[in-house]
Every structure is written in structure tokens, then in C-alpha cells.
Amino acid sequence: MELTGAEIVIRCLQEENVKFVFGYPGGAVLNIYDEIFKQDKFKHVLVRHEQAAVHAADAFARATGEVGVALVTSGPGATNAVTGIATAYMDSIPIVVISGQVPSPAIGMDAFQEVDMVGITRPCVKHNFLVKDVKDIAITIKKAFYIAATGRPGPVVVDIPKDITQHLAKYEYPKSVEMRSYNPVLKGHSGQIKKAIKLILEAKRPMIYAGGGVVLGDASEQLIKLTRKLGYPITNTLMGLGGYPATDRQFVGMLGMHGTLEANMAMQDCDVLIAIGARFDDRVIGNPEHFFRKGRIIIHVDVDPSSISKRVKVDVPIVGHVQTVLAEMNQLLEFEDKKPNAAELKAWWAQIEKWRSKNCLNYDRTSDIIKPQFVVEKLYEVTKGDAFVTSDVGQHQMWAAQFYKFDKPRRWLNSGGLGTMGVGLPYAMGAQFAFPDAQVACITGEGSIQMNIQELSTCKQFHLPVKIILLNNRYLGMVRQWQHFFYGNRYSESYVDALPDFVKLAESYGHVGMRIEKPGDVESALKEAFGPKLKKQLVFMDFVTDQTENVFPMVPAGKGLSELILAEEL
Amino acid sequence: MRHIVSLLMENEAGALSRVAGLFSARAYNIESLTVAPTEDATLSRMTIVTSGSEEVIEQIIKQLNKLIDVVRVLDLNDGRFIERELMLVKVKAVGALRDEMKRMCDIFRGRIIDVADGSFTIELTGSGSKLDAFLETLDKSVILETVRTGASGIGRGNRILKV
């Protein structure tokens, strides 16, 4: 029997066990939407803006490890999706975005709602396809899911002209896919792994630096095993948080521009650095010339060869899936007689404890004004550290990363690479759809939340009990902080005037709104919001916070990790 | 340093733009780029002449390998290789210049492939530097038009780039 292209699209998605499609209809995808109407195997989530559809699909992927799916129409639908696609690309998130295209004969004719989607997204996708024949739909979608999820994951766009969704073809979903041009490496080189183990055991001042690859590669368990066995200090990048339990004594906190003193100093001063699923990005190591230390040995495990020796020259590269490589390392260590040098390690830990004793994340706990850090700390307590936490981008993001201690992977969802304001609420939606009974908190700012605030409507339609923790300081805080430090206090366009009454705004969408103005009310308000009475409600909590609070420690852009500014130095 | 990178990729629409886009997005140099299908019509072979430090060249190779449509990549500079480029030059050929141009063409082992009242078209193949040398030898006012293909390269002996 022959099926239409639109029917084939739906069958393929069902075949891939897709549970949610986040999307927005329009002319070029009407045939596909008609088939969605006729089926009930997956749920379609109607968002209010295509950007949010892609972010929600991205969050679903981050929270579950499955491929997220978004569906948008041609032209403006497609361009609205681009920010979401670029966000997923920078953080290596597996999503498939299906976009409608104008009918094949109209391509290139400047047709209504036409845009060259394959051309526009080329630099921000892992791969993309324009389907030119209905017979190619099934194999293309199969390839799209395969490419998105394997190797270093990433977004894949499938652009389908409208006429192709009407044409008929025999349907059979390919069981497997083989591509001569794409064969991701799984197993690391055994010789290199042996060499790495030898160097790791000879280290005097070792440091483990684990990034988002550990979370994406589901390698947390192996990482914990390795780290505990060695007894070495470990830091996580912003993307890696939760990859190693933050409450563990060996964890020295996040590193980087707003990392802890102990993490950054240990990173700088170690003699053997074990980098796992991390990419030495500019927000993590600052200036590579300053980061360079003669004699320091760097071992780098990553699934993507192009991440190795890109910004920092590496001594022992190991290309492979982090989970597989770490498992092999753990196995080797079991049969290894050599143990880490206890005396040297003790001295190294003593030095780290000295840095740690500076308590670099300390802030004024006696203030009459609500300190944003305090809200995050209380959120951590009230949710017992077990919530899915999403954030937008800016100061609140850094405080969330510093003060919410993530003990499990896939609990912390934020835009690390692209730094996209506006992801917080759609990320919370994606996480809540994935785990309907879980506590989901969106830590945001009054700047970021307004970049996708229309999604409050989606949350109402689908009864998503997300809790929005707005740290409202009436400033684009991170911009204000940089202007404070580097632009002579000239707060150019960083004050947000004419803010809405967020309580009324939330209420007008049919949600619960709260305004909290005193530190003493923070805990009780959070308890109420997460309590049984409001369990099924979206609660929008507008915390009126200190306008002048800055994020510390801070490594100024272009500086080295050990050149960080501490709060107490000001 | 100048490097010649050869690659095989799926002969599909848009594959060329992925490679060209990669070079512009990551600010890599392209001196020349040539591409055409191979004896296997599903594959295209591309030769890219680029330059950069060893680190940059290493990144270029890795990034090219990362492109889904790219099947194989070879840095020809890793071994011995031959490069050839084709150039067509239209030169002024009037009076005494007609003999002079014929002579120059013979010295560089070129061929005159078109003759008109006031001009010759000369075909010349060789390494890029040989073609440069030919142009430098001619008086600038004599050159009416030039067109070059960019270098193609192939490994010497048993060095073979094949799927």
C-alpha cells in the first residue's frame, strides 16, 4: 500500500518511539498536521512561538537522553527555530527539527514564506537534509535520528517541501542505517588509555575536569567510580554539573569565569589534568596562554577529535565515547598494583582545603534586601536538591550553578554554549513533559523571562506545574556587572524600565503569582509554592532582589584562571 | 605553510557549500578549491589549497572529517605528491608579438589553442608556481585575460585516496 509523504513522516516518528512533538502549524506543514490530527501515538505540544518549540524539544533531550523533536512551518516558522537549533548545536544536544518548505516547483522563486532553511541552518546543525523525493523521506528521517544521537550529538534539520508530503510512495522503515561517510568512534585507543593510567597514577597534583560530555554520554556512574577510586579532586564545567555529585567532598565546585577559587586554582596548578568530555572553552580556562603551564600533562578524553588540541595542546588524546573509555580505565585500575602517591596527594589536598577555606561563595546573609544567592540556597533546601532546574542566561544562571548542588546528571538544564536568554521557561516545559511528577524550577531574570514569556499560555493549556523563580533586580544584571567593572559604571541600556506586574501577568494567564520582598518570606513562599496545595499549579514567584549584587568569584574576560576577583577583595 | 588537502565526499547537492561554509565560518584560508565527480558518480573529489600553522591545518583536517558528507580526507603534504593546475591565457599577438608569444609558449611547454587577428589563447599546465612564472615573464600589457582552475593533487606511487 502506498502512503502520502505526510503519513510517512508520522509513521517514521512513531517508529522512532517519539513521545512528544513540539511545534507550530503553518501552510507548508498542513498535510503533516492533518496526519497528526488522525493519530494518538505521540502527543503534539502547541507552543506559542517556534523558538520555544525547539527549546522544549532540546530540554526533553537534555532531561531524558532521548532525541527531542520539533516541527515548524517554512519561512518565519523556520527562522524562528534557528535560535533554538543554534542553542542545541552549541551544547551538543540531539534533536531533530522537521521544517516545512514551499512546494518543490516554487523553491527559488521567492515564494510566500520561502526561506533557504538548509542554507540558513548549515553552520549551526550537525547535519541537514532537503528531501527531494517522497521515496527518500523514511531513510532521511532514519538518518536524522541516527546522526543526531550518535557520536558527538547535535541537531539535525529535515526540510520537506509541501508537495513531497502529498506525493505517494511505498512505505517501509529501514531497520538500520549505514553511512560510509559517518562512523563515530566508540572505543578509545587501548595503548593511549594504558599510557593515561600510568600518568594518572604518577601524578603529584592531579585534577579531574569533567564537562557536559559526561552528562550527554551517560558516563556519570563510571566517572564517580574512577574519581572515588583515585581520591583525586574533581571539578565540573557549567555543562557538566550533576555529572559528579556536588555534595561529595572530592568535588571542588564549578570552574571557569564564575567558578570557585579552589576549582580554578587547582585547575591552574595541577601537574596532571584529566579532561573528560570537556572542551577548554574560553569561559572555562580563560586565556589559553595564561593557562599554559610548562610540564603539566594533559590527558583528554572526548568523542569529537576536533575538540582535542583545539584551544589547548594535549599530551594524551583519547578519542572515544566517554562512558566506554572510563569503563576501560576503571577496569585497568582494578588490576593495577600501583597506587596514587599518598603523601603527595595529602599535601595537594591540604593546599586545596586552604583555598576552599576562603569560602569564596560567601555573601552577606544579614541583608534586609533579598540576596539572589539566598533564594537559590532556599530553593535547594525546599526541593531537597532533587528538582529539575532550568535557567536563563545571566547572573541568575551563575548563582543557580553555584548554589544549587546537583547530585545527579540531567537535572540542570541551561544554555551554556550559545548563552541564549529565553530558554528557561521552554526548558522547564520540556523537562516537565518528560517527568510530569517531578519538581521543575525555572530560575530566571526579568530580562530573560520576557524573551519567551508567551509560553505561560502553553503551560496553562497543558497544565504544567512549573515553578518560576524570578530573581528580579530590575537590571540586566550581568550586563550591569560588566559595566560596573569594565565600563566605569556607565549603565548603558541595562536598566529595565516599565516592567509588568508579574503577579497580575501570571494571574491573567490563569496561574498563581506571588511577590516576595523580604528575606524572611523567602522560605515560606517557596514551601507554599512547592507544597501540596499548589502542586498542580504553575507558580510565578517574583523575588525582589538586591539590585547591586554581583557574581563572584569572577575571572575577567581574557584573563587567566588564577587572576580571579573575589568578593572580599572589593 | 601551504598545504594541499584532498577529499572524497558524497556527490550530493549542498556538499560543496558545507566545505566552503566551514572554511569561511572558522576563518580558514582557501587559496583555491576545485571539485568534480570521480569515476564513481556517487563521489566527488575536491582539492583544497590552504595555508596555516600546523595546529590550524590539524583542525582543518579534523573539521573536514567531521562533516557528514565527507568520506575521506588526506593531507597530501604528509607524503610525496604531484600537483597540477590548468591555466588559459589570452595574450595580445600583433606584429612581432605573434612570434614572441609563440616562442614563450614553447619554452613553457604550453599550447596555442585559439588564434585570432590580434590574440592567441594559450593553454598551460603545471604547478601553481610554474603558471605564476609564465605570467611574470609576460609584459603586463600583453595579458588580456587569464583563467586558472586551481590546483589538483594526487599522491605519488602507491599513495591512493579511495573509498
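Numbers restart at 1 for each chain; the letters A, B, ... are given by sequence-line order, proteins then strands. The shown structure was predicted, so the numbers you read here are calculated from the model rather than taken from an experiment. Side chains are part of it too, since the values below use all heavy atoms of this structure and drop only hydrogens, waters and symmetry mates.
Atom CD in B:E55 sits 6.0 Å away from atom NZ in A:K313 (nearest 0.5 Å). Once rounded to the nearest 0.5 Å, the distance linking OH of A:Y182 with CD of B:E10 reads 14.5 Å. Rounding to the nearest 0.5 Å places CZ of A:R122 at 10.0 Å from CG of B:L22. With rounding to the nearest 0.5 angstrom, the OG atom of A:S181 is 11.0 Å from the CE atom of B:M9. Distance check, rounded to the nearest 0.5 Å: CD1 of B:I61 to OG of A:S306 gives 12.5 Å. The line from CD1 of B:I68 to OH of A:Y146 is 9.0 Å long, rounded to the nearest 0.5 Å.
For chain B, no part of A:K143 is nearby; none of its heavy atoms comes within less than 4.5 Å. With a threshold of 4.5 angstrom between heavy atoms, B:V163 approaches chain A through side-chain atoms but not through N, CA, C or O. With a 4.5 angstrom heavy-atom cutoff, B:E58 touches chain A only via side-chain atoms. In this structure, chain B has heavy atoms under 4.5 Å from both the backbone and the side chain of A:N128. Contacts between A:I308 and chain B at a heavy-atom distance below 4.5 Å involve backbone atoms as well as side-chain atoms.
Within 6.0 Å of the CD1 atom in B:I154, the count of heavy atoms belonging to other residues, nucleotides or ligands does not exceed 12. A 6.0 Å sphere centred on NZ of A:K142 holds more than 12 heavy atoms belonging to other residues, nucleotides or ligands. Remark: A:N183 CG is packed, more than 12 non-hydrogen atoms of other residues, nucleotides or ligands lying under 6.0 Å away. Heavy-atom neighbours of A:R293 CZ from other residues, nucleotides or ligands within 6.0 Å: above the threshold of 12. Atom CZ of B:R109 has 12 or fewer heavy atoms from other residues, nucleotides or ligands within 6.0 Å.
A heavy-atom distance below 4.5 Å is not found between the side chains of A:R180 and B:L8. Using a 4.5 Å heavy-atom threshold, the side chains of B:K62 and A:V319 count as separate.
Here B:K66 is the residue among B:R72, B:K66, B:Q63 with the most heavy-atom pairs under 4.5 Å with chain A.
Annotation for A:K132 and B:A13: closest pair NZ-CB, 3.4 Å, computed over non-hydrogen atoms.
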